[in-house]
2 protein chains.
Amino acid sequence: MSVPVPPWQQRAGRSRAGRQPLSLEAIVGTALGLMDREGLDAVSMRRVAQELGTGAASLYAYVRNKSELHELMLDLVIGEIPVPEPDPARWRDQLKQIARDQVRVFAEHPGIAQVVMRTPAPTGPNALAMMEAVLAILRSAGLPDRVVAFAADLLALYPNAVALERSAAFGLPAEELGERMSQVERYFSQLPRETFPTIVALLPSLMAGEGDERFEFGLEVIMRGLESWAG
Amino acid sequence: MSVPVPPWQQRAGRSRAGRQPLSLEAIVGTALGLMDREGLDAVSMRRVAQELGTGAASLYAYVRNKSELHELMLDLVIGEIPVPEPDPARWRDQLKQIARDQVRVFAEHPGIAQVVMRTPAPTGPNALAMMEAVLAILRSAGLPDRVVAFAADLLALYPNAVALERSAAFGLPAEELGERMSQVERYFSQLPRETFPTIVALLPSLMAGEGDERFEFGLEVIMRGLESWAG
DNA sequence: ACCTGAACACCGTTCAAGT
DNA sequence: ACCTGAACACCGTTCAAGT
């Protein structure tokens, strides 16, 4: 039972020396893969290190702390969002499409939305490239500088918030979420009409609409609002 | 050094029996106080129990798990947001004021914004009362039912997201945040003009505007967007 | 019914010691 | 310079045992 492992088998498979040398890229990539498979909570320093065949302490040679690791993961994900060439004639469509792509890419990496809201101002290279494009598109629409700056904020915040809302669902197992939603619907339909007349009256509309329909509505509200400042 | 504590002093001060009997109200209130003083991360089952002079296991007689505790805290906070009587003539102002009050109240309880985005659909009594009021105001504006339902979503999401963004800042000590912001500004001003022409050109506007000014802009965008559906 | 201590299986981060 | 094991001070939740 306690036969020593022969040297040529030691640290096989998961060995850091055997598989891949420790590097920032390997750490961030491993962390991202772990998050994709098991969610953000699984991305602990210990688990990431374990996947790389080392101990948690070794990671601190490459990242200051766990939130720095999170921010590096975020920029990698932002890099997957396509960045269009600004076309002044299609500014509304282009901004909407970026927002849609962002929600889609974030949905492919459940957990990253939790990171983005904790990051005061994403400044990775991919975040900067995205910011440059959004600002250029808004500017080409003939909006005043200050409106451009504030609108860029709003246009980042909204898809982030929607992705975050959706990823909260991903935290739970699918059946638990479905159960919760039908519980909510049942609960709403039993509310006293005297105290909550509007909720009861609007119940069908409140439950209607897939996620995408609601998201598209929000995008359209923002676009119509922004248009009112366009010259 | 190891003199036994006399019986009449045992469990004094923090004693559950002496101070307050264990109850759902006591648990949620203690948890909220702890969050206000030390942030959401401090609200562990163990810390809350410690403040009540008991062990973590005892809390499980009152709440299913930590996230149920979080949701109870959330409804208590939502209860602090003033709910207006719907006045059809002032629907824009009323909706804006609710959004402002929500951001203000959430700012008084840093950490609660993190809870709200993890809660699929807040259904506490205070959340329901707020929802009823928002739906009634939107309906009185003459918006179609489906627009009312979707707009209520959007009008909850936006202040939540803004509060969350601001509370991320509260996680860090104040000087660290200030340092980070000026680091960002310095970094932005050093970006190559060829690669990031729009960021560099808009730098003053990007850095301008207090939080409230940006928040008010977003509210105005949403209101102007919604108006385009009003009959 | 309500409460408890102890246990289980985890955390992030630091640090002295090794190569 | 890079890496490591061990330690420190924590977690949420379960469970058998007590009152």
Side-chain angles (χ1 to χ4, degrees), chain A residues 5 7 10-11 14-28 30-31 34-35 37-73 111 114-115 118-119 168 171-173 176, chain B residues 5 7 10-11 14-28 30-31 34-35 37-73 111 114-115 118-119 168 171-173 176:
Chain A
V5 179
Q10 267 169 15
R11 322 188 75 205
R14 305 217 132 168
S15 158
R16 207 194 65 254
R19 279 295 209 213
Q20 45 184 343
L22 214 48
S23 69
L24 190 57
E25 288 70 31
I27 291 170
V28 178
T30 300
L34 191 55
M35 186 184 74
R37 292 195 310 281
E38 301 186 39
L40 185 64
D41 287 346
V43 184
S44 66
M45 299 300 272
R46 288 168 130 100
R47 283 291 307 276
V48 172
Q50 192 187 41
E51 298 246 324
L52 290 162
T54 184
S58 301
L59 307 184
Y60 287 84
Y62 297 89
V63 294
R64 217 188 308 273
N65 50 37
K66 195 169 81 159
S67 74
E68 188 172 303
L69 176 56
H70 283 167
E71 291 179 30
L72 292 165
M73 292 162 66
Q114 283 149 261
V115 174
R118 276 184 227 144
T119 307
L172 315 169
E176 198 180 326
Chain B
V5 179
Q10 264 170 14
R11 319 188 73 205
R14 306 218 131 166
S15 158
R16 206 195 66 255
R19 279 294 207 214
Q20 45 186 345
L22 213 48
S23 70
L24 190 58
E25 289 69 30
I27 290 169
V28 179
T30 300
L34 191 54
M35 186 184 75
R37 293 196 308 281
E38 301 187 39
L40 185 64
D41 287 346
V43 184
S44 66
M45 300 300 273
R46 288 168 131 99
R47 282 293 306 277
V48 173
Q50 193 187 40
E51 298 245 325
L52 290 162
T54 183
S58 301
L59 306 184
Y60 287 85
Y62 298 88
V63 294
R64 219 190 306 275
N65 49 40
K66 195 169 82 159
S67 75
E68 188 172 301
L69 176 56
H70 283 168
E71 291 179 30
L72 292 167
M73 293 161 66
Q114 282 149 261
V115 174
R118 276 184 227 145
T119 306
L172 315 170
E176 198 179 324

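Per chain, numbering begins at 1; letters A, B, ... match sequence-line order.
Following rounding to the nearest Å, A:Arg64 (CZ) and C:dG12 (C1') show an atom-to-atom distance of 16 Å. Straight-line distance from the CD1 atom of A:Ile27 to the P atom of C:dG12: 14 Å, rounded to whole Å. In this structure, B:Glu68 atom CD and D:dG12 atom P are separated by 15 Å, rounded to whole Å. A:Leu40 places its CG atom 11 Å from the P atom of C:dG12, with the value rounded to the nearest Å. Straight-line distance from the CG atom of A:Leu69 to the P atom of C:dT13: 10 Å, rounded to whole Å.
Here the side chain of B:Tyr60 is nearest to one of D:dT13, D:dC3, C:dG5, namely D:dT13. Distance from the side chain of A:Ser58 is smallest for D:dT4 among the nucleotides C:dT13, C:dG5, D:dT4.
If A:Ala61 and B:Val43 are placed on DNA chain D by their nearest nucleotide, the residue sitting closer to the 5' end is A:Ala61.
Distance OH/B:Tyr62 to CD/B:Glu68: 13.5 Å, rounded to 0.5 Å. Considering CD of A:Gln114 and CG of A:Asp41, their distance stands at 7.0 Å, rounded to 0.5 Å. Atom CG of residue B:Leu52 and atom CG of residue B:Leu59 lie 7.0 Å apart, to the nearest 0.5 angstrom. From A:Thr30, atom OG1 reaches atom CE of A:Met73 across 10.5 Å, with rounding to the nearest 0.5 Å.
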Which protein N or O atoms sit under 3.5 Å from an N or O of nucleotides 8-11 of chain D?
| residue | atom | partner | partner atom | Å |
| --- | --- | --- | --- | --- |
| D:dC11 | OP1 | B:Ser44 | OG | 3.1 |
| D:dC11 | N4 | B:Arg46 | NH2 | 3.3 |

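The two residues A:His70 and A:Val115 make their nearest non-hydrogen contact at O-CG1, 3.6 Å. When every heavy atom of A:Arg47 is checked against every heavy atom of A:Ala42, the shortest pair comes out as CB-O, 3.4 Å. Scanning both residues, B:Ser58 and B:Leu22, for their nearest heavy atoms gives CB-CD2, 3.9 Å.
Applying the side-chain hydrogen bond (donor to acceptor under 3.5 Å, both in side chains) criterion to B:Asn65, with sequence neighbours excluded, gives B:Ser67.
Distance check on atom P: D:dA9 versus C:dA9 gives 23 Å, rounded to whole Å.
For A:Arg37, the CZ atom counts as densely surrounded, since its 6.0 Å shell holds more than 12 non-hydrogen atoms of other residues, nucleotides or ligands.
Taking only side-chain nitrogens and oxygens, A:Tyr62 never comes nearer than 4.0 Å to OP1 or OP2 of D:dC2.
Counting only Watson-Crick and G-U wobble pairs whose two distances sit under 3.5 Å, DNA chain C takes part in these stems of three or more pairs: C:4-8 with D:12-16, C:12-16 with D:4-8.
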